[in-house]
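Please read these numbers as outputs of a predicted model, since none were measured by experiment. Every chain is numbered from 1, with letters handed out A, B, ... down the list of sequences.
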There are 2 protein chains.
Amino acid sequence: MSAEPVQPTTAHNRRSELLAIAAGLFASKGFKNTTVRDIADAAGILSGSLYHHFDSKESMVDEILSTFQDELFGRYDAILLSDDDARTKLEQAVEVSFAAIDQHRDEVAIFQNEAAYLGGFERFAYLAERNAQSREVWITLLDDGVRSGALRSDLDIELTYRFLRDTVWVAVAWYRPGGKLAHTDIARQYLTILLDGIARPTPTTQGDTP
Amino acid sequence: MSAEPVQPTTAHNRRSELLAIAAGLFASKGFKNTTVRDIADAAGILSGSLYHHFDSKESMVDEILSTFQDELFGRYDAILLSDDDARTKLEQAVEVSFAAIDQHRDEVAIFQNEAAYLGGFERFAYLAERNAQSREVWITLLDDGVRSGALRSDLDIELTYRFLRDTVWVAVAWYRPGGKLAHTDIARQYLTILLDGIARPTPTTQGDTP
DNA sequence: GAACCAACCAAGCAATTGCTTGGTAGGGTA
DNA sequence: TACCCTACCAAGCAATTGCTTGGTTGGTTC
């Protein structure tokens, strides 16, 4: 008979519930622009009560971002270690990234928007490390692609890496789950554009998989 | 030598100087993250003195963004009105965008990072209008491209538009003038990727088995 | 040499910020 | 009954914020 003001999250405890609420606000309003009172209001408690669960507002983003990144880079590592060919790996990395946008939209958005600012603080130095690690992943995939003949050899790899990375992640700005296109559809379309271009193919076909 | 863009009526030099300083801070630290004391410090004056030149901190971004957008959309309009073929127009629009990143990096960065937040205020409603106008430009260019046969007909135009728009503007996050690549080089490389893709062209030859 | 003016200073105010402190309601356990 | 625990409240503090007010400076003009 007690109507508990609880949201339909699968959260075990109050802590992760509050983190999800904070993530949503950080993602849509920005970290600095979100006050602890905003978070508390959205959770239906007073701002001071947040400090029963967390040390600080900073530690909230910290936990949000580091948890997400641990998971994401675990998936990238799995791809790099697989036996697939270069092109397949590249496609998988793109798909994994779009899946992350689908399943962790807030976290991706926070990372996209706040990494530059937060990275300036000692506490968030790991953001720069993860960034470097991400570069390793993509550059490796692109190099392997060129070496194996799957990709054109006249590309500026560094530039291509930036376009690839940016184009994948920036989709978080407009993608909403449950829309017309599933994240898998978007990933496939993006890969088509990226791999084959938007210009009308000149004489011959786009290749089939042998 | 050539006539520089000058302010109407009284050319207050100090005013545009302060605006440029503010733009640099807004771009690198974010609008909300930049205090009026930050701006004043960077300019070597006290924070209160800023209010001799500007009504508010908000009016500073306002002026920065609206001035920039007026110029940018003037260039887009010129392209749309030209007699060039569809593909050339598309290439020119991309080149103009990269030129804007080169010449107005701060303004582009501010628009990229703060439009979502600022757009929520009545005062900045024009940001959403400009966004819609920008969509018109790209969609028109893409539609014309498909209709004229310059572009593939199996593209999701809406998705391609987002890909195109995002990938162009997001370059502001890493591009620095005076680097290894001029903005014209980047535009050309980007167009190559966009139009022809990164996959190795597979004409009739199929001998790429390892 | 008086009037004027743009640019700035010095001081501070009201609101907002992140966070602290001491307390309490309600449930479980012994 | 007594004890503990989690999750919260109530109140407020110190710092920071955007902005205001009244005054000062140095240069220009007539």
Exercise. Partners of B:Tyr76 by ring-ring contact (aromatic ring centres under 6.0 Å, His included), sequence neighbours excluded?
Worked result: B:Phe73
For nucleotides 17-19 of chain C, which of its nitrogen or oxygen atoms have a protein nitrogen or oxygen under 3.5 Å away, and what is each distance?
residue	atom	partner	partner atom	Å
C:dG18	OP1	A:Thr34	O	3.3
C:dG18	OP1	A:Lys57	NZ	2.6
C:dG18	OP2	A:Val36	N	3.0
C:dG18	N7	A:Arg37	NH1	3.0
C:dG18	O6	A:Arg37	NH2	3.0
C:dC19	OP2	A:Tyr51	OH	2.7
C:dC19	OP2	A:Lys57	N	2.8
C:dC19	O5'	A:Tyr51	OH	3.3
C:dC19	N4	A:Ser47	OG	3.3

For this session: Among C:dC9, D:dA10, C:dC8, find the nucleotide with the atom closest to the side chain of B:Leu46.
Result: C:dC9
For this session: Mind calculating the distance between CG (A:Leu50) and C1' (D:dA10) to the nearest angstrom?
Result: 15 Å
Exercise. Does B:Trp174 have A:Arg162 sitting over its ring (NZ/CZ under 6.0 Å from centre, angle to axis within 45°)?
Worked result: yes
Problem set entry | For atom CZ of B:Phe54 and atom C1' of C:dA6, their distance in whole Å | 14 Å
Seminar exercise, completed: Across all chains, not counting sequence neighbours, the ring-ring contact (aromatic ring centres under 6.0 Å, His included) partners of B:Phe54 are none
Exercise. Between CG of A:Asp77 and CG of A:Leu72, what distance do you get to the nearest 0.5 Å?
Worked result: 9.5 Å
Exercise. Does a side-chain N-to-carboxylate-O contact under 4.0 Å join B:Glu158 and B:Arg135?
Worked result: yes
Exercise. Is A:Asp83 paired with A:Lys89 through a side-chain N to carboxylate O contact shorter than 4.0 Å?
Worked result: no
Exercise. Between A:Arg14 and D:dC8, is there a side-chain N or O to OP1/OP2 distance below 4.0 Å?
Worked result: yes
For this session: Calculate the interatomic distance between B:Ile45 atom CD1 and C:dA11 atom C1'; express it in whole Å.
Result: 16 Å
For this session: Using only side-chain N and O atoms of A:Ser49, determine if any of them is under 4.0 Å from OP1 or OP2 of D:dC9.
Result: yes
Exercise. Can B:Lys57 be said to sit on top of B:Tyr51's aromatic six-ring, NZ or CZ under 6.0 Å from centre and within 45° of the ring axis?
Worked result: no
For this session: Just jot down the side-chain contact (heavy atoms from CB on, under 4.5 Å) partners of A:Phe121, sequence neighbours excluded, or say none.
Result: A:Tyr117, A:Phe124
Exercise. So, is the end of the B:Arg188 side chain (NZ or CZ) under 6.0 Å from the ring centre of B:Tyr190 and within 45° of the ring's axis?
Worked result: no
Exercise. Rounded to whole angstroms, how far apart are CG on B:Leu18 and P on C:dA6?
Worked result: 15 Å
Exercise. According to the interplanar angle, ranging from 0 to 90°, do the rings of A:His104 and A:Phe68 count as parallel (below 30°), tilted (30 to 60°) or perpendicular (above 60°)?
Worked result: tilted
Exercise. For DNA chain D, which residues in residues 112-119 of chain B have a heavy atom at a distance below 4.0 Å?
Worked result: none
Exercise. Which nucleotide in the set D:dT6, D:dC9, C:dA7 lies at the smallest distance from any side-chain heavy atom of A:His52?
Worked result: D:dT6
Seminar exercise, completed: In 5'-to-3' order, the base (B), backbone-only (S) or no-contact (-) status of each nucleotide in nucleotides 22-27 of chain D, using a 4.0 angstrom heavy-atom cut-off, is ------
For this session: Could you check how far CD of A:Glu17 sits from C1' of D:dA7, rounded to whole Å?
Result: 12 Å
Exercise. Do the ring planes of A:His183 and A:Tyr175 sit parallel (below 30°), tilted (30 to 60°) or perpendicular (above 60°)?
Worked result: perpendicular
For this session: Mind calculating the distance between NE2 (B:His53) and C1' (C:dA6) to the nearest angstrom?
Result: 8 Å
